[in-house]
Amino acid sequence: MKITVINGTEKHGVTYKLKEIFLEKFRGEAEITEFYLPKDCPNFCLGCTSCFLKGEHLCKDAVYIQKIEKALFAADLLVFTSPVYVYHATGAMKAMLDHFGYRWMPHRPAKEMFGKRAVIITQSLGSGEKSAAKDIKDSLSWWGVSDIRVCSFKLMSDINWEKIPENKRHKMRSKLISTAERIKSIDFSRPARTSFITKAKFYAARMMQTGIGKQNPDYTDYKYWKSNGWLDKKRPWIK
């Protein structure tokens, strides 16, 4: 089993501790690859649109993005973590997700992402843990991932793990371990089911690409969809 982890911060704080508790069930059995932001994706997307119009290999940050993408494609399980910064995911996480705009359904979704399973871990001191998870979930779902599980925690006490009341730490630990155990029981030789919502997004994007192709058959996204056979009868969730 292969797991790819995207950490929204380099800080080894509460979010890091929660992620480590979750991964305990997999260590020694799974091959785990981790990325820490912003170190492993240090730059903002400038909105140059090169990835959309010409190809992702022309992104100024391709050396970082393609390394992360390769690990995402190879993984059986994706894990995204982020503490809450002003009611949302960290800026570093948002900056990385912005770089993958070309992988959203209306553009060039990767067939490798359909059938993936993902876990999002977020925590806040007061509030915002759900909106931070949504920041990440929005991208995952538009990439084609349907099986997304969220573990969000509201601390309401302290940002120092050792100062959090033991009963609250126990509850968080129990939820993470339970989620990990449920995931371990999954037969990963079979892809996750692609949901109706994901398929609806695909067909809406397919209709859009069909229209684009009539106007501009040389458009990068259209040629991508056509080469994959998605404008005919092939579908990314059917392996």
Side-chain angles (χ1 to χ4, degrees), residues 1-41 64 67-85 89-90 92-94 96-97 100 112-113 115-125 129-130 132-137 139-141 143 145-155 158-192:
M1 181 182 185
K2 294 183 178 181
I3 301 175
T4 292
V5 184
I6 309 293
N7 295 280
T9 176
E10 297 176 47
K11 182 180 178 181
H12 287 196
V14 173
T15 309
Y16 176 86
K17 182 66 177 179
L18 295 172
K19 180 261 301 184
E20 288 296 297
I21 292 171
F22 174 79
L23 290 178
E24 280 176 8
K25 288 290 180 179
F26 302 95
R27 294 206 184 275
E29 300 177 23
E31 179 183 332
I32 302 174
T33 301
E34 295 202 55
F35 295 92
Y36 286 88
L37 306 175
K39 176 175 66 70
D40 292 316
C41 184
Y64 302 106
K67 183 176 180 179
I68 293 173
E69 183 172 81
K70 183 179 178 180
L72 293 175
F73 287 174
D76 300 296
L77 178 66
L78 311 178
V79 179
F80 285 72
T81 79
S82 179
V84 171
Y85 284 8
T90 64
M93 177 65 78
K94 179 63 165 62
M96 189 215 70
L97 293 174
F100 283 98
E112 291 88 348
M113 299 306 287
K116 294 283 187 192
R117 296 174 172 90
V119 173
I120 300 170
I121 300 173
T122 63
Q123 61 83 17
S124 69
L125 178 58
E129 69 285 349
K130 292 182 179 179
K134 185 178 183 298
D135 291 339
I136 301 167
K137 189 175 182 179
S139 280
L140 287 173
S141 63
W143 291 352
V145 182
S146 292
D147 189 340
I148 305 171
R149 305 172 192 222
V150 177
C151 291
S152 293
F153 303 97
K154 191 189 303 289
L155 302 183
D158 202 292
I159 60 172
N160 186 315
W161 178 259
E162 299 303 326
K163 293 181 180 180
I164 298 172
E166 176 56 35
N167 65 324
K168 184 173 283 292
R169 281 186 284 165
H170 176 72
K171 288 181 180 179
M172 292 190 291
R173 188 181 294 110
S174 296
K175 181 176 180 178
L176 289 163
I177 291 174
S178 176
T179 301
E181 288 176 341
R182 287 198 299 272
I183 290 173
K184 281 196 71 175
S185 69
I186 294 172
D187 179 5
F188 276 87
S189 66
R190 297 183 177 183

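One finds the CE atom of Met172 at 4.5 Å from the CD1 atom of Ile164 (value rounded to the nearest 0.5 Å).
Residues meeting the side-chain hydrogen bond (donor to acceptor under 3.5 Å, both in side chains) test with Ser141, sequence neighbours left out: Lys201. By the side-chain hydrogen bond (donor to acceptor under 3.5 Å, both in side chains) test, Asp135 pairs with His88, sequence neighbours left out. Qualifying side chain to side chain contact (heavy atoms under 4.5 Å, CB included) partners for Lys184, counting only residues two or more places apart in sequence or in other chains: Lys25, Phe26, Glu29. Qualifying side-chain hydrogen bond (donor to acceptor under 3.5 Å, both in side chains) partners for Arg27, counting only residues two or more places apart in sequence or in other chains: Glu20. By the side-chain hydrogen bond (donor to acceptor under 3.5 Å, both in side chains) test, Arg169 is found to be paired with Glu166, residues two or more places apart in sequence or in another chain being considered.
In this structure the side chain of Val84 never reaches within 4.5 angstrom of the side chain of Leu125, judged on heavy atoms. At least one side-chain heavy atom of Ile183 sits under 4.5 Å from a side-chain heavy atom of Arg149. Counting only heavy atoms from C-beta outward, the side chains of Cys151 and Leu18 never approach each other to under 4.5 Å. The closest side-chain heavy-atom distance from Trp143 to Leu97 is below 4.5 Å. Taking the side chain as every heavy atom from C-beta outward, Phe153 and Lys175 approach each other to under 4.5 Å.
Across Thr33, Asp76, Leu77, a single residue satisfies side chain to side chain contact (heavy atoms under 4.5 Å, CB included) together with Lys2, and that is Asp76.
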Donor-acceptor pairs under 3.5 Å, side chain of residues 3-15 to any protein atom, not counting sequence neighbours: which ones?
unit_1, atom_1, unit_2, atom_2, d
Thr4, OG1, Ala71, O, 2.8
Asn7, OD1, Thr81, OG1, 3.4
Asn7, ND2, Glu34, OE1, 2.9
Asn7, ND2, Phe35, O, 3.1
Thr9, OG1, Lys11, N, 3.1
Glu10, OE2, Lys39, N, 3.1
Thr15, OG1, Gln123, NE2, 2.9

